[in-house]
Student: 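Have a look at this one.
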Amino acid sequence: MDLLKTIIFIGTNKSGSSREAIRAAERLGYFTVLFTNNEKQIKQRKEYVDVHEMLFVDTTDLPAMQREIRSLISKGNEIMTITSFVDSNVGRALRLCEEFCPNGTSSYAVDIMENKAGTRSLLDGLPFSPKYITVPSNALLTSTTVDALPKFPLIVKSASSTGSKDVLRATDLEQLNRHILKLNEKNPDESIIIEEFIEGEQYLVEAIVHDKQIQIAGVVEQEITYGKRFIITGYGVLGFVPRQLNDSIMKVLESIVEKFDIRNGALHVEMRLTDHGWKLIEINPRISGGAMNNMLKAAFGFDLVEETLKLYLGKKPTLTPKHQNYVYTQYVIVDKKGILEKVTGKNRARKSPGVVEVYVKPKKGTQLMPPLSMGHRYAYVIAQGETLETAKGLAKKGAQEIQFHLKE
């Protein structure tokens, strides 16, 4: 009997990079299995045609997942790789992969990356590492404690925050202590990082490491909307990266790969370009979520999640551009809370010049709110142009067509 060559995914979102990875696995001819603890996905099973088998299992429970994997093996599934493109599951997926189908990717680096305090500690003293202090979860600070840091404003974050949910800005000591209390209530056992606020243009860099060799998949300028949280609402993919910029990014990536001892893996870093060179905001051991895969496809023609899967299957990924376009993605957020009655302008946005993709997430009846995390971005428009400014203008024009009609 032929064994069923299987890829197991730990969790997925309904759309974005994590879902596109499952579609890529199906395209590559593998049997796809999804472990999910999301009851809604079980109820909406018919909407996941690219998932060949969906299993309801606690994705935080390693022994429960080990039992399911052994059960699949006993039924004739040959487990080729176990992976996750959802930030909270990347480390667990890698630990399971090390046990059932080792691929030369170490969970050690991922475990540190998933903890921002661990990352800061490992990279402490490097020129791109910002000044910071880590404080225990129940600390209240005095002016003496923060003297080790530069002047206000300061950034306060939970050690395991993701998607901008627990990243706050403090302009004075009183606000700093309020933020600490708030984060303590949410995660009583988490340590808290306080670091300098860094001025400068923010960039995101997508990369793959194969056999310690770094390939940059894309350099992306980010536009940040400052509300109650730092929400990234615009992404500009540089179709052509100036050599000096590329070389300076590569130096930072080489230091990270060396410090974390990464042989194989996918990662993205967020950095700010300051008067004193690069300063690292954060590192994540996976491709960015949302529209990132489609942005890079529009810019360069390759499919990053597909190449990442090849890496995890023990093959060599290739990020050779088929073309080079400047691409801009504009996200749409709302400025007030309400129940969605209808969305208008989707077709006008699609027909707008330069637009290559329009995506609207919420359905009628969903409650929308001003953003407190990246999950509160409700639509996006991807456009391409001959320059970044052109692509940006076209994406923003297309996004203006999309209107969310809310009732309070």
Side-chain angles (χ1 to χ4, degrees), residues 60 84-95 106-139 141 145-146 148-150 153-170 176 179-198 200 202-207 222 224 229-232 252-253 255-262 265-272 274 278-289 372-375:
T60 65
S84 183
F85 287 72
V86 177
D87 47 31
S88 55
N89 296 325
V90 175
R92 280 188 288 271
L94 262 178
R95 280 194 286 284
S106 160
S107 62
Y108 162 78
V110 171
D111 287 343
I112 297 174
M113 275 186 208
E114 286 184 339
N115 184 290
K116 288 179 167 46
T119 297
R120 286 284 182 243
S121 175
L122 186 69
L123 301 176
D124 195 18
L126 290 171
F128 54 81
S129 193
K131 294 189 179 77
Y132 77 100
I133 55 170
T134 305
V135 295
S137 57
N138 55 0
L141 302 187
T145 326
V146 292
L149 289 164
L154 295 169
I155 297 297
V156 195
K157 56 174 89 165
S158 169
S160 60
S161 69
T162 58
S164 299
K165 286 192 277 287
D166 299 318
V167 179
L168 304 163
R169 187 169 182 253
L176 179 63
H179 288 337
I180 290 171
L181 284 171
K182 189 176 185 177
L183 293 177
N184 279 340
E185 282 168 18
K186 198 170 177 186
N187 298 303
D189 302 324
E190 280 280 347
S191 57
I192 288 164
I193 302 167
I194 301 161
E195 58 190 37
E196 62 179 312
F197 176 74
I198 296 156
Q202 185 155 309
Y203 288 80
L204 182 147
V205 181
E206 293 285 348
Q222 294 181 310
I224 301 169
R229 298 289 188 280
F230 300 87
I231 304 298
I232 296 151
V252 174
L253 291 178
S255 294
I256 289 168
V257 166
E258 187 185 334
K259 276 283 184 184
F260 281 91
D261 193 24
I262 302 168
L267 71 153
H268 71 266
V269 300
E270 290 182 18
M271 304 190 286
R272 287 203 173 177
T274 74
W278 290 109
K279 290 290 177 184
L280 182 72
I281 304 298
E282 65 176 52
I283 313 176
N284 290 289
R286 56 177 174 81
I287 179 179
S288 303
L372 293 175
S373 80
M374 300 291 199

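Bear in mind that the values here come from a model prediction, so they are computed numbers and not experimental data.
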Student: Is a side-chain N or O of Lys186 found less than 3.5 angstrom from the main chain of Leu181, in a donor-acceptor match?
Tutor: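 Answer holds: no.
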Student: Please give me the minimum heavy-atom distance between Pro130 and Ile198, naming the atom from each residue.
Tutor: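 So the two residues come closest at CB-CD1, 3.6 Å.
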Student: Under the side chain to side chain donor-acceptor pair (under 3.5 Å) rule, collect the residues that match up with Glu114, sequence neighbours excluded.
Tutor: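 Once residues adjacent in sequence are excluded, Glu114 has no partner under the side chain to side chain donor-acceptor pair (under 3.5 Å) criterion.
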Student: Dump the intermediate steps for side-chain contact (heavy atoms from CB on, under 4.5 Å) on Val252 and Val205, then the final yes or no.
Tutor: CA-CA 11 Å; Val252 174; Val205 181; over 6 Å; no
Student: Backbone N or O of Ser288 within a donor-acceptor pair of the Glu206 side chain at under 3.5 Å?
Tutor: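 Yes: the side chain of Glu206 pairs with the backbone of Ser288.
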Student: Side chain of His268, backbone of Ala207: donor and acceptor closer than 3.5 Å?
Tutor: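 Side chain of His268 to backbone of Ala207: no pair is present.
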Student: Keeping Asn115 on the side-chain end and Ala117 on the backbone end, is there a donor-acceptor pair under 3.5 Å?
Tutor: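 Yes, because the side chain of Asn115 sits within donor-acceptor range (under 3.5 Å) of the backbone of Ala117.
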Student: In chain order, what residues pass the side chain to side chain donor-acceptor pair (under 3.5 Å) check against Ser191, with sequence neighbours excluded?
Tutor: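 Checked Ser191 against side chain to side chain donor-acceptor pair (under 3.5 Å); zero matches.
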Student: Any side-chain heavy atom of Ile283 within less than 4.5 Å of one from Leu123?
Tutor: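 They are in contact (side-chain heavy atoms under 4.5 Å apart), so the answer is yes.
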Student: Can you find a heavy atom in the side chain of Ile232 that is under 4.5 Å from one in the side chain of Leu204?
Tutor: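 SC-SC contact between Ile232 and Leu204 ruled out.
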Student: Could you list all the side chain to side chain donor-acceptor pair (under 3.5 Å) pairs where at least one residue sits in residues 126-136, not counting sequence neighbours?
Tutor: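 Listed once each, the pairs would be none.
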Student: Among all residues two or more places apart in sequence or in another chain, which pass the salt bridge (Lys or Arg N to Asp or Glu O under 4.0 Å) test with Arg169?
Tutor: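 Listed in chain order: nothing, the list is empty.
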Student: Quick check: closest heavy atoms across Ile231 and Leu372, and the distance to 0.1 Å?
Tutor: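 Ile231 and Leu372 have their closest heavy atoms at CD1-C, 4.2 Å.
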Student: Taking only residues two or more places apart in sequence, or in another chain, which ones meet Arg120 in a salt bridge (Lys or Arg N to Asp or Glu O under 4.0 Å)?
Tutor: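 Testing Arg120 for salt bridge (Lys or Arg N to Asp or Glu O under 4.0 Å), a comparison that skips the adjacent residues, returns Glu195.
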Student: Listed by chain and number, what are the ring-ring contact (aromatic ring centres under 6.0 Å, His included) partners of Phe128, not counting sequence neighbours?
Tutor: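 Result, ring-ring contact (aromatic ring centres under 6.0 Å, His included) vs Phe128: none returned.
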